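A short worksheet on the structure shown next.
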Number of protein chains: 2
Amino acid sequence: MTEPSPGIAGLHQRIPFLLSQLGVHIADDFVVRLEPFGVGPRTFAVLTALSADDGQSQRQLATLLGIHRNAMVAVVDKLESQGLVKRTPHAQDRRAFAIRLTDKARELLPALDAQGRLQEETITAMLTGQERDALRHLLQRVSTGLGMSPGVHPRLAER
Amino acid sequence: MTEPSPGIAGLHQRIPFLLSQLGVHIADDFVVRLEPFGVGPRTFAVLTALSADDGQSQRQLATLLGIHRNAMVAVVDKLESQGLVKRTPHAQDRRAFAIRLTDKARELLPALDAQGRLQEETITAMLTGQERDALRHLLQRVSTGLGMSPGVHPRLAER
DNA sequence: TATTGTTATACTCTATAACTATA
DNA sequence: TATAGTTATAGAGTATAACAATA
């Protein structure tokens with residue numbers, strides 16, 4: 001007689017499945033966490049990119065984040081309507097805008113960062129500090145080994 | 001003077017971001033791997049569930065996998081059109097169907113499983129056997145700690 | 001001729017409700 | 001009255017192509 005197939009329970013032993021299951025859940029959870037601030041994944045990514053290098057053009061942001069430039073228009077529209085960025089003239093290229101964070105955005109950024117930290121604490125609550133470090137290192141090695149760009153989320157580009 | 005914000009590069013230090021980045025990438029990769037077999041995430045999930053317990057009703061499958069019963073219709077339609085399952089009369093309930101794997105499906109399942117193993121080897125190629133075990137255990141603990149059902153992928157239900 | 005930003009359109013997916021036949 | 005399965009419709013989200021202004 002043949003033993004029964006493990007079925008979906010067997011997926012719990014597969015590293016790719018565990019990563020996929022956890023990753024998608026966490027991505028959804030992060031969306032929920034940002035919702036009260038009126039920020040979505042794409043607007044969050046643009047705000048974060050500008051926090052390190054303010055005044056980038058929409059093209060630069062699109063290339064950096066893997067978002068199509070057509071889609072970037074709506075993202076910047078949204079941020080501008082919320083008063084979080086301004087489209088200012090670009091010094092070297094009159095076709096382009098320099099996108100700049102407003103003071104309101106600079107006040108908001110720490111709160112968004114706090115959500116990221118809170119999420120990390122929640123997710124790793126059952127791990128020791130050593131285990132967190134070990135997990136972080138393993139994930140970084142896998143991510144780098146797969147050739148992924150640090151900090152660039154593949155869902156921003158969309159299929 | 002203030003030092004520049006780490007921007008998106010700082011996300012590379014965050015466990016939730018790494019999990020989300022890797023997980024979404026891996027989920028997309030798995031879709032690509034299954035494509036040549038004409039199988040998608042939802043049909044794969046149903047085939048896997050039936051491999052452990054054949055003859056389940058659409059309602060049972062929907063509840064088990066987190067797919068809405070309305071959406072389950074199209075999934076079973078697809079599988080039936082491919083000759084991978086049959087809708088057979090349900091022994092106890094004339095409203096319901098017992099969904100049963102065909103011989104063709106039983107021949108296909110090992111190939112799908114092989115793709116899962118191949119993906120795991122590819123993703124963990126840069127890790128030692130010990131490190132793979134450590135990673136698997138850490139992920140299982142995090143997944144269980146978050147109350148996720150083993151083997152149930154949150155993307156099947158869709159937003 | 002190529003590029004930045006923009007707009008419009010078509011396409012895909014999903015969520016919701018309503019229907020039938022049985023229980 | 002509730003449930004299994006089905007169908008239809010509307011809505012959100014995305015990709016594609018084409019456009020004007022500037023390089």
Side-chain angles (χ1 to χ4, degrees), chain A residues 24 27-28 30-32 34-35 38-46 49-50 53 55-81 85-100 153-159, chain B residues 24 27-28 31-32 34-35 38-46 49-50 53-81 85-100 153-159:
Chain A
V24 167
D28 291 346
F30 194 56
V31 170
V32 173
L34 293 186
E35 251 167 17
V39 175
R42 292 185 193 73
T43 49
F44 173 80
V46 168
L50 292 174
D53 185 9
Q56 295 182 74
S57 70
Q58 294 184 196
R59 171 51 124 180
Q60 282 177 295
L61 290 167
T63 301
L64 175 67
L65 299 174
I67 303 175
H68 196 280
R69 66 180 205 281
N70 297 8
M72 182 60 70
V73 177
V75 178
V76 176
D77 281 351
K78 171 79 174 178
L79 286 168
E80 200 170 35
S81 76
V85 305
K86 280 188 303 184
R87 282 180 165 100
T88 67
H90 195 286
Q92 288 92 24
D93 190 339
R94 282 195 296 171
R95 294 172 303 181
F97 293 117
I99 312 300
R100 298 198 177 277
H153 198 288
R155 180 92 340 161
L156 296 177
E158 289 307 321
R159 39 211 102 235
Chain B
V24 167
D28 290 348
V31 170
V32 172
L34 294 186
E35 252 167 17
V39 175
R42 292 183 194 74
T43 49
F44 172 80
V46 168
L50 292 175
D53 185 8
D54 204 19
Q56 295 182 74
S57 68
Q58 294 184 195
R59 170 51 123 178
Q60 282 177 295
L61 291 167
T63 301
L64 175 67
L65 300 173
I67 304 176
H68 195 280
R69 62 183 205 281
N70 297 9
M72 182 60 68
V73 177
V75 178
V76 176
D77 281 351
K78 171 80 173 177
L79 286 168
E80 198 170 35
S81 77
V85 305
K86 280 187 304 184
R87 282 180 165 100
T88 67
H90 195 285
Q92 289 91 23
D93 190 338
R94 283 195 297 171
R95 294 172 302 181
F97 293 118
I99 312 299
R100 298 197 177 277
H153 198 289
R155 180 96 334 164
L156 296 177
E158 289 307 324
R159 40 208 104 238

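What you are looking at is a predicted structure, and each value in this text was computed from that prediction instead of being measured. Throughout, protein chains are lettered first and strands after them, A, B, ... in sequence-line order, and every chain is numbered starting at 1.
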Side-chain heavy-atom pair A/P41, A/H153 within 4.5 angstrom cut-off: no

Euclidean distance, atom NE2 of residue B/H68 to atom P of C/dC13 [Å, nearest integer]: 19 Å

Integer-rounded Å distance: C/dT14 P and A/D28 CG: 13 Å

Validation row: B/R87, B/D77 side chains within 4.5 angstrom (heavy atoms): yes

Rounded distance in Å - CE (A/M72) to P (D/dT14): 13 Å

Test item: B/D28 and A/R155 side chains (from C-beta on) under 4.5 Å apart, heavy atoms: yes

Donor-acceptor contact present, side-chain B/T88 to main-chain B/A98, <3.5 Å: yes

Base versus backbone protein contacts along nucleotides 18-23 of chain D [heavy-atom cut-off under 4.0 Å; B, S, -]: ---BBS

Rounded interatomic separation in angstrom, taking CZ from A/R155 and C1' from D/dG13: 13 Å

Rounded distance (Å) that lies between atom C1' of D/dA15 and atom CG of A/L156: 16 Å

Between P of C/dT3 and NE2 of A/H90, the distance in whole Å: 16 Å

Given DNA chain C, 5'-ward residue of the pair A/D77 and A/A96, judged by closest heavy atom: A/A96

Atom pair distance, as rounded to whole Å: CZ in B/F97 and P in C/dT20: 17 Å

Phosphate-side-chain proximity, B/R59 and C/dA23, N/O vs OP1/OP2 below 4.0 Å: no

Which side-chain N or O atoms in residues 66-76 of chain A pair as donor and acceptor under 3.5 Å with protein atoms at least two apart or in another chain?
from  : atom 1 : to    : atom 2 : distance (Å)
A/H68 : ND1    : A/N70 : N      : 3.0
A/H68 : ND1    : A/N70 : OD1    : 3.4

Length of the line joining B/L61:CG and D/dA4:C1', which is rounded to integer Å: 13 Å

Nearest heavy atoms of A/G40 and A/L34, plus distance in Å: O-CD1, 4.2 Å

